[in-house]
J.: 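Here you go, one structure.
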Amino acid sequence: MAHDPNISPLRLAVFVGSHGRGSNLFAIHDAINAGTLPAQIVCVVGSRADAPAIVRARNAGLVTKIVSPKDRTDPEYAAVLLRVLRGHDADSVALAGYMRRLPEAVVAAFPNRVVNIHPSLLPAFGGHGMYGEKVHQAVMDSGVKVSGCTVHFVDENFDTGAIISQTVVDVLEGDTAQTLAARVLECEHRAFAEALTALARGQLRVVGRRVVRTLLPSV
Ligand code: GRF
């Protein structure tokens with residue numbers, strides 16, 4: 001679907017992790033370039049200049065900013081992040097592999113504008129310390145038959161914000177944490193771009209714990 005000229009594109013800051021590959025960042029970037037996601041990536045924020053996602057972003061010509069929480073108190077870290085976000089006039093934030101708890105002041109400054117992706121069906125297999133292969137190994141160890149990914153708004157805790165969308169992936173006989181992770185990741189790329197598109201189109205309304213999707217007005 002082409003951009004609706006009546007929708008002002010998201011001014012999106014993407015936060016990446018120090019070990020992330022940046023595949024979700026580039027799924028977002030590709031959806032923007034394909035014209036399906038009305039957004040502009042105004043900056044990519046990471047904590048290390050040599051992080052793979054930051055290197056990829058820089059090579060692709062995206063604006064990158066390094067903000068390390070090291071040697072900073074939480075309020076100091078929050079203040080620098082907010083300065084970067086305001087300096088780039090960001091109106092929304094996508095956490096794509098960002099592993100930390102986002103400082104409360106940042107969450108509060110962007111109410112229902114910070115979106116995270118998690119590689120399981122929350123609230124299962126989420127929370128502090130549940131990231132990367134640990135999630136998929138825990139899924140395998142538990143014997144559940146389905147896993148998937150969750151896109152959710154970010155609140156002040158780990159993986160507990162209101163859920164925007166969930167995509168189910170079957171756990172197959174013979175799966176390992178790695179094979180399951182690869183299939184979930186493919187779904188993540190589609191789900192993240194789709195959820196951000198709904199945000200850009202103003203279709204997401206949060207009612208208590210529930211995210212309600214409004215239909216687009218028919219033309
Ligand atoms: C993804 O699995 C995402 O769900 C999680 O961190 C991982 C980041 O991967 N939050 P990538 O850097 O986007 O490839």
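Note that ligands are numbered from 1 as they come in the structure, with each ligand's atoms numbered from 1 the same way.
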J.: When you measure from atom 4 (O) of ligand 1 to every protein heavy atom, which one gives the shortest distance, and what is it?
T.: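 Here the nearest protein heavy atom works out to E188 OE1, 2.6 Å.
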J.: Looking only at distances, please establish whether an N/O atom of ligand 1 is found under 3.5 Å from an N/O atom of M99.
T.: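 N/O-N/O distance below 3.5 Å does not exist for this pair.
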J.: Starting from atom 10 (N) of ligand 1, which protein heavy atom do you reach first, and at what distance in Å?
T.: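 Going atom by atom, the protein heavy atom closest to atom 10 (N) of ligand 1 ends up being I117 O, 2.9 Å.
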J.: Would you name the heavy atoms of L82 and A105 that are closest together and state the gap between them?
T.: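 Where L82 meets A105 most closely, the heavy atoms are CD1-O, 4.1 Å.
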J.: If you look only at distance, which donor and acceptor atoms sit under 3.5 Å apart when one is on a side chain in residues 125-141 and the other is two or more places apart or in another chain?
T.:
residue, atom, partner, partner atom, Å
E133, OE2, Q178, NE2, 2.8
Q137, NE2, D141, OD1, 3.0

J.: Closest non-hydrogen protein atom to atom 7 (C) of ligand 1, residue and atom name please, with distance?
T.: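 Checked against all protein heavy atoms, atom 7 (C) of ligand 1 sits closest to R21 NH2, 4.0 Å.
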J.: For atom 14 (O) of ligand 1, which candidate among G20, S23, G17 provides the closest heavy atom?
T.: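 Nearest heavy atom to atom 14 (O) of ligand 1 lies in S23.
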J.: Is a donor from one side chain sitting under 3.5 angstrom from an acceptor on the other, for S18 and R48?
T.: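 Note: S18 and R48 side chains miss the donor-acceptor criterion.
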J.: Between R183 and D175, does at least one N-O distance fall below 4.0 Å, as a salt bridge requires?
T.: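 The answer is yes: the pair qualifies as a salt bridge.
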J.: How far is atom 8 (C) of ligand 1 from the closest protein heavy atom, and which atom is that?
T.: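 Checked against all protein heavy atoms, atom 8 (C) of ligand 1 sits closest to G97 CA, 3.6 Å.
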J.: Within less than 4.0 angstrom of ligand 1, does A53 place any heavy atom?
T.: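 False for this residue.
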J.: Could you tell me whether E194 and R213 have a side-chain N and a carboxylate O separated by less than 4.0 Å?
T.: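 Result for this pair is yes, salt bridge flagged.
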J.: Does the side chain of Q166 pick up a donor-acceptor pair with the side chain of T150 at under 3.5 Å?
T.: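 Present: a donor and an acceptor within the cut-off.
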